[in-house]
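Next up is a structure, given as C-alpha cells.
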Amino acid sequence: MKSVGPTGRDLSTIGIFYKLCDGSRERLSAACQWSAYDEGEEIVPYLDKRDDVFFLVSGSARVMIYSRGGKAVAFRTIETGDLFGELAAIDHGPRSASVEASSACVVARLSAEAFRRAMREEPDVMEAVSCHLVAQIRDLTARVFAFSTLPVKTRIQTEILRLAGDPQGHAGPLSIRGFPTHGDLAVRVSTHREAVTRELGRLTRCGILRRSGRDLEIIDVAALRTMVEREEGEE
C-alpha cells in the first residue's frame, strides 16, 4: 500500500457521486484517506472491526472469503467507480468478507460517520446507495440459485455470459476484454481450475468460443444462451 499524491485525489469516477456538485464532491475527496495498492494486496481484512467505507477510484478488486483449508470463495468483482465496505459503515458490524486488489488500484477511504452524513444530506447519494444494495442482493440471489441448482458446466457458461454483460437477444460475436484466468473463473463459480479448462476447451471445439491473448470472443452468443436456458428449464 502506498499513499496517493494530491493530484490523484478525485472522486469523479465514483458512481454514487455522479450527481453531486463539484463543491460537494471536493469536500468528500478532502475527507478521504487515499491509498494505492498493487495486485494481490489485501485492502480490507475479513472480520476487521473498522467501519470505514471505500471507493475504488481506479483498477479492480474482488470480495473473497478463504476457508481454513485455503479454499477461496469469490462473492463479487469490484470495478472502477464501485464502493465497498458499506455494510459495516451502515450497521457497524465486522467485515463479512475480505477485499483484495486484482489489479493495481487506487482506493479512497471515508469514515462511516462522513458517509452516513453524505447520505442524509444528499438525497441523490442515498438513492444511489440504495440502488447499489438492491443490485447486490439481486446478484447474490441469482448466484445462490445457480450454485444450488445448476451443474458446473452451466455455471461456467452463465458466468461467461455475465462477464459479457448478459446480452439478451445478442447473437454474437462478442468480445470480453481481460478475461479472467481459469483459476479466477473457477473461484467465481465455486469449482476447480480443471473443470473450467475442460469446459472452455469443449466450447472452443464446438465453435462457440475463441481465445485471443487475454481476451475471449463469444462467436455464437445465441448458442451459449440456449445451452444455459436448456439446463435451467430442466430444473
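Keep in mind that the numbers below use all heavy atoms, side chains included, and drop hydrogens, waters and symmetry copies.
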Arg155 versus Ala146, closest heavy-atom pair with distance: CD-O, 3.6 Å
Short side-chain to backbone donor-acceptor contact, Ser130 and Met126, under 3.5 Å: yes
Contact check, side chains of Val152 and Val189, non-hydrogen atoms, under 4.5 Å: no
Salt-bridge contact Asp38-Lys2 (side-chain N to carboxylate O under 4.0 Å): yes
Atom CZ of Arg211 with >12 non-hydrogen neighbours under 6.0 angstrom: yes
Ile219 versus Gly207, closest heavy-atom pair with distance: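 Nearest pair, atom of Ile219 first, then Gly207: CB-O, 3.6 Å.
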Expected output: side-chain Ser111 to main-chain Ala114 donor-acceptor under 3.5 Å: yes
Polar contact flag, side-chain donor to acceptor under 3.5 angstrom, Thr141-Arg138: no
Side-chain donor/acceptor of Asp82 to backbone N/O of Glu79, under 3.5 Å: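 Between the backbone of Glu79 and the side chain of Asp82 there is a qualifying donor-acceptor contact (under 3.5 Å).
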Aromatic centroids of Tyr66 and Tyr46 separated by under 6.0 Å: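 Judged by ring-centre distance (under 6.0 Å), Tyr46 and Tyr66 do not meet the cut-off.
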Derivation and outcome, side chain to side chain contact (heavy atoms under 4.5 Å, CB included), residues Arg95 and Val44: CA-CA 8 Å; Arg95 303 294 183 182; Val44 180; 3.6 Å; yes
Glu86 (side chain) donor-acceptor with Val129 (main chain) under 3.5 angstrom: no
Under 3.5 Å: donor-acceptor pair, side chain of Thr226, backbone of Ala222: yes
Pair Arg210-Glu217, salt bridge (charged side-chain N to carboxylate O under 4.0 Å, His left out): steps then yes or no: CA-CA 5 Å; Arg210 179 168 56 214; Glu217 184 178 17; 2.6 Å; yes
Flag side-chain contact, heavy atom, 4.5 Å: Asp22 against Arg25: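 Yes; the side chains approach each other to less than 4.5 Å.
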Exam field: side chain Trp34 to backbone Ser29, donor-acceptor pair closer than 3.5 Å: yes
Beyond-backbone contact of Glu100 with Ile43, side-chain heavy atoms, under 4.5 angstrom: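 The answer is no, as the side chains (C-beta and beyond) never meet within the 4.5 Å cut-off.
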Donor-acceptor under 3.5 Å (Ser103 side chain, Ser60 main chain): yes
Carboxylate-amine/guanidinium contact Arg50 Asp52, below 4.0 Å: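 Answer for the salt bridge query: no.
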Pair Arg188 + Glu159, salt bridge at N-O below 4.0 Å: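 Looking at Glu159 together with Arg188, the answer is yes, because their closest N to O distance falls below 4.0 Å.
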Verdict with reasoning, Phe54 to Leu110, per side chain to side chain contact (heavy atoms under 4.5 Å, CB included): CA-CA 6 Å; Phe54 299 80; Leu110 184 66; over 6 Å; no
Verdict with reasoning, Val107 to Leu56, per side chain to side chain contact (heavy atoms under 4.5 Å, CB included): CA-CA 5 Å; Val107 175; Leu56 191 62; 3.8 Å; yes
Greater than 12 external heavy atoms within 6.0 Å of Arg193's CZ: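 No - once you tally the heavy atoms of other residues, nucleotides and ligands closer than 6.0 Å, there are 12 at most.
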Thr13 versus Thr80, side-chain donor and acceptor atoms under 3.5 Å: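 Thr13 and Thr80 do not have a side-chain donor-acceptor pair below 3.5 Å.
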Contact check, side chains of Glu122 and Leu20, non-hydrogen atoms, under 4.5 Å: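 Result yes, sub-4.5 Å side-chain heavy-atom pair found.
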Value rounded to 0.5 Å, distance of CZ in Arg202 from NZ in Lys153: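 Here the interatomic distance stands at 5.5 Å.
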Salt-bridge contact Asp184-Arg62 (side-chain N to carboxylate O under 4.0 Å): yes
Check: Pro45 main-chain N/O paired with Ser98 side-chain donor or acceptor under 3.5 Å: no
